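Heads up, the thing below is written out as structure tokens.
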Amino acid sequence: MRLAARTLVGICTSVGLLAGPAAAQQSITVAAFPAVDEIVRAALPAWQQLHPTVAVKVVSRELNDHHTAMTTALSTAVYLPDVMALEVGYLGRFAQGAGLEDLARPPYELRRYQARFVPYAFEQASTPAGAVLAVPTDIGPGTLLYRQDLLAKAGLGEANLTGSWEGYVAAGVKIKAATGAYLLAHARDMKDILIRTGIQPGEGMYFDKDSRPLVTTARFVRAFELARAVRQQKLDARVTAWSSDWSEGFKRGGVATQMSGAWLAGHLNNWLAPSTRGLWRAAQLPEGAFAAYGGTFFAIPRLADAANKPLAWQFIQLMTLNRARQLAAFKSQDAFPALLETYDDAFFDEPLAFLGGQRARRDWRTAAGQIRAVQVHKQDAFAREVIDTELDKVLERGKAIDRALADAQRLLQQRALR
Amino acid sequence: MKHLRLSPRWAPYALLAPFLLLFLVFGLFPLAFSLYLSFQSWEPTSGLAAMHYVGLDNFAFALRDEWFWKSLANTGWLALASGLPQHLVAIPLASFLHLGFKRWRNAVVGAYFLPYITSSVAIAILFSSLFSTDYGLINLLLALLREVPLLGALLPAQAVDWLNDPDALKPAISMIVFWRYVGFNVVLYLAALQTIPPDLYEAATMDGAGRLQQFFHITLPSIRPMIFFGVTLSVIGGLQLFEEPFILTGGKGGSDQAGMTAAVYLYRNAFDFNDFGAASAMSWLLFLVVALLTWLTNRAFRPRTR
């Protein structure tokens with residue numbers, strides 16, 4: 001019996017010794033949020049071919065939780081991942097601090113690759129001081145999705161929607177009268193697109209480069225006026241994005257148009273309203289406007305394990321500079337590529353069944369090239385909240401637009417430099 | 001065989017050590033760190049070294065911040081609208097259950113208590129569907145009631161936009177909070193009612209006192225300490241209200257911040273707006289408000305001496 005036990009211990013020890021080198025295998029951690037985590041996992045076989053001895057651990061959390069966890073990790077330098085995915089809406093607050101590697105500096109020298117990316121996306125991750133804190137991986141070119149059947153019922157065509165913003169609202173009146181459907185889900189959507197258009201180079205959406213609020217400028221006034229016109233004529237369903245009423249509105253044909261990122265067509269097709277396949281079409285935004293909705297970036301935390309940084313950088317290069325990986329993400333998750341050299345792929349010319357066979361990816365590609373970079377600011381999230389609140393007061397309580405914007409300006413001034 | 005023996009002198013410390021350790025790590029340290037942070041300006045994504053002392057600047061900012069006052073006003077409104085009815089309903093309900101459900105009392109109490117132990121996320125998701133403007137059951141029920149003569153005239157003429165209309169959001173949140181915690185208070189008052197000697201009621205009955213007289217002259221004075229306890233819990237809980245408004249408004253506070261309580265606002269200041277200094281200052285100001293109102297509650301329930 002003793003002999004057997006001794007033999008067993010010997011075997012275990014030998015196996016342990018043999019397994020030693022494998023146990024010492026290097027690994028990097030990638031922190032991401034839904035959809036991006038799937039894209040990262042799908043890239044792992046390609047990574048393993050390049051680095052058979054380096055494992056990749058993917059840590060995935062819900063979008064808000066992920067960014068909260070990343071804030072905590074950066075603030076304490078505990079449980080820092082080697083690679084961090086960032087959604088564009090959160091980029092401002094992460095870019096403000098000194099927690100991310102400046103990828104423009106050696107050994108990364110990201111500016112060498114700048115011409116390979118969609119210009120606005122690359123600029124968005126750059127600071128006024130010239131640092132580049134993240135690499136764009138996917139973008140969200142804005143598009144106008146509309147129900148072709150409802151337009152036809154109202155005797156309208158695409159040109160009625162896209163000629164001008166006033167024409168878009170007038171078309172909404174006819175759609176409502178002929179079909180009962182609302183022009184759009186919420187008047188706020190109108191404001192969201194209009195404040196994104198006409199931004200001057202070097203400006204942010206809400207603040208200029210010196211952190212002065214811009215919310216009393218003409219683009220905010222016009223955005224508020226058109227949103228108010230929509231509400232006054234009862235053209236919006238008054239439902240917020242991603243609510244159950246919002247998705248029901250799409251399923252039941254209660255909403256005729258939706259301005260959003262190109263990725264929404266994929267969401268509508270896959271889970272929001274698959275039964276409406278073939279009824280939707282995509283167009284450029286009204287009045288020749290081009291705007292971005294969403295986008296994802298990869299960054300390296302400055303205080304992450306220095307030994308892993310070269311591998312982290314190689315991983316980011318695989319995800320962002322590799323044509324095959326970018327196209328794979330586009331095909332599987334509707335992640336519109338930020339890498340320009342994918343734009344000649346035949347996939348862009350394929351008809352989309354959900355959009356009645358329309359070759360909409362070509363239009364989205366055109367839009368991607370036209371969008372201007374918008375400087376991000378630490379207080380963008382707060383500014384957005386303030387503007388939404390003031391718009392609600394205009395829409396719900398009849399507050400005068402100039403007073404609403406002046407109040408917003410005052411609140412933003414208090415916070416701009418905090 | 002030698003046993004490990006603990007000297008009687010050290011035994012209390014050893015036995016208390018696990019609690020003390022947990023309290024230090026998860027209780028005292030966060031409190032102290034939050035107090036420290038309230039005097040600092042900090043860009044959290046730059047690491048702990050990025051803090052710098054700003055004195056009372058965060059407190060001054062909090063006191064000047066319109067949204068902080070708005071969130072405090074929301075908190076007060078919600079605490080009152082959800083807290084007061086909890087007790088006004090729980091006390092007579094507990095009396096009724098105490099007298100009327102001898103055998104099935106525990107089952108009925110269990111049913112009332114169920115919302116209290118149900119996950120807040122599940123509750124908020126369920127109520128989000130119930131409060132849906134076009135497809136929700138509550139508006140459907142209101143539409144049916146509108147058909148009833150007389151009653152219909154008292155109800156809103158159109159479907160209520162519960163979660164987007166600032167005027168409807170607060171009542172919607174209050175309804176959920178009331179529904180959730182009324183059972184907890186019923187259990188408290190039932191426990192108190194069981195301590196009242198039955199002899200008192202027998203004597204009162206013999207003296208010709210009716211049910212209502214017994215309720216006001218025996219039941220209410222006897223459960224006064226429990227009312228004090230329950231109201232104090234409601235005041236503290238109401239002023240710290242977070243989960244229900246947070247989940248119901250998608251973490252944003254709702255249209256016109258009508259559902260943004262002080263707890264939600266200070267969380268948002270820290271994690272949405274990255275201003276941990278202001279958030280910490282606000283949390284200490286909120287603590288002062290809670291302490292003041294708890295002291296006032298204590299004064300209100302103090303035994304009167306003639």
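Please read these numbers as outputs of a predicted model, since none were measured by experiment.
- Distance CD/B:E66 to CD/A:Q414: 6.0 Å, rounded to 0.5 Å.
- The contact between B:T133 and chain A is made by backbone and side chain atoms together, counting heavy-atom distances below 4.5 Å.
- By a heavy-atom distance cut of under 4.5 Å, B:N164, B:P166, B:D167 are the residues of residues 162-175 of chain B near chain A, going up by number.
- Between chain A and the residues B:F276, B:F271, B:W67, the most heavy-atom pairs under 4.5 angstrom are made by B:W67.
- Chain B forms more heavy-atom pairs under 4.5 Å with one residue of A:E385, A:M70, A:Q379 than with any other, namely A:E385.
- In this structure, B:K252 does not pair ionically with A:D388, as no charged nitrogen and carboxylate oxygen lie closer than 4.0 Å.
- Neither the backbone nor the side chain of A:L303 has a heavy atom closer than 4.5 Å to any heavy atom of chain B.
- Proximity to chain B (any heavy atom under 4.5 Å) is restricted, for A:R252, to the side chain, taken from C-beta onward.
- By the neighbour-count criterion of 12 heavy atoms within 6.0 Å, atom CZ of B:F287 is sparsely surrounded, having that number or fewer from other residues, nucleotides or ligands.
- For a residue to count as touching a neighbouring chain, one of its non-hydrogen atoms must lie under 4.5 Å from one of that chain's; by this rule A:E390 does not touch chain B.
- Atom CD of A:E62 has more than 12 neighbouring heavy atoms from other residues, nucleotides or ligands inside a 6.0 Å radius.
- With rounding to the nearest 0.5 Å, the separation of CZ in A:F94 from CG in B:N274 is 7.0 Å.
- Ranked by heavy-atom pairs under 4.5 Å with chain A, the list B:D65, B:V54, B:N269 is led by B:N269.
- Only the side chain of B:D161 comes within less than 4.5 Å of a heavy atom in chain A; its backbone stays farther off.
- Residue B:T45 forms a side-chain contact (heavy atoms from CB on, under 4.5 Å) with just one option from A:L74, A:L100, A:T72, and that option is A:L74.
- Interface remark: B:A270 contributes no atoms to any contact with chain A (heavy atom separation under 4.5 Å).
- Note that CZ of B:F273 is 9.0 Å distant from CZ of A:R93, once rounded to the nearest 0.5 Å.
- Counting non-hydrogen atoms of other residues, nucleotides and ligands closer than 6.0 Å to OH of A:Y293 gives a total above 12.
- Distance CG/B:D256 to CD/A:E396: 9.0 Å, rounded to 0.5 Å.
- When heavy atoms are compared at a cutoff of 4.5 Å, A:A77 does not approach chain B at all.
- Contacts of A:R410 with chain B are made by side-chain atoms alone, with heavy-atom separations under 4.5 Å and no backbone atom involved.
- Looking at B:R268, only its side chain comes within 4.5 Å of chain A, counting heavy atoms on both sides.
- Listed options B:S255, B:A49, B:S46 were ranked by heavy-atom pairs under 4.5 angstrom with chain A; first place goes to B:S46.
- Side-chain atoms of B:D275 do not come within 3.5 Å of backbone N or O of A:R418 as any donor-acceptor pair.
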